[in-house]
Participant: 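To start, I am sharing the structure in question, which I have written as structure tokens.
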Amino acid sequence: MYEKSETLKTNEEMEKLTLKDFMAICLAQYSILIPLGLGVLFIYFIIMVLITKVWF
């Protein structure tokens, strides 16, 4: 097993990242982060409305 990992390290070269690949990574990242952030912001808004309107 150790020998196999060593041969993989020596035989594989680092793959070059093109601008197209970089843009795809950025879009995939933000397609997850933006809805997640909006969901957290919506929950925070609902909690603040409940605190200010119901409790006071």
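Quick caveat, the model's predicted, so the values are computed rather than measured.
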Participant: Drop me the distance from Leu36's CG to Ser31's OG, to the nearest 0.5 angstrom.
Facilitator: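 Reported to 0.5 Å precision, the distance equals 11.5 Å.
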Participant: Take Phe42 and Ile46 through the side chain to side chain contact (heavy atoms under 4.5 Å, CB included) test and state the conclusion after the steps.
Facilitator: CA-CA 6 Å; Phe42 179 71; Ile46 295 298; 3.9 Å; yes
Participant: In Å, rounded to the nearest 0.5 Å, how long is the span from NZ of Lys20 to CD1 of Ile25?
Facilitator: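 The CD1 atom of Ile25 is 13.5 Å from NZ of Lys20, to the nearest 0.5 Å.
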Participant: Do Phe45 and Leu50 share a hydrophobic cluster (ILVMFWY, side-chain heavy atoms under 4.5 Å, transitive)?
Facilitator: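 Hydrophobic grouping puts Phe45 with Leu50.
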Participant: If I take atom CG from residue Leu38 and atom CD1 from residue Ile43, how far apart are they, to the nearest 0.5 angstrom?
Facilitator: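 So the gap between those two atoms works out to 11.5 Å.
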Participant: Does CE belonging to Met48 count more than 12 external heavy atoms closer than 6.0 Å?
Facilitator: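 Check passes, neighbour count above 12.
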Participant: Indicate the atoms forming the closest heavy-atom contact of Leu17 with Asp21, along with that distance.
Facilitator: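 Scanning both residues, the minimum pair turns out to be CD1-CB, 3.5 Å.
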Participant: From the options Val49, Ile47, Val54, select the one residue that forms a side-chain contact (heavy atoms from CB on, under 4.5 Å) with Ile51.
Facilitator: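 For Ile51, the side-chain contact (heavy atoms from CB on, under 4.5 Å) check succeeds only for Ile47.
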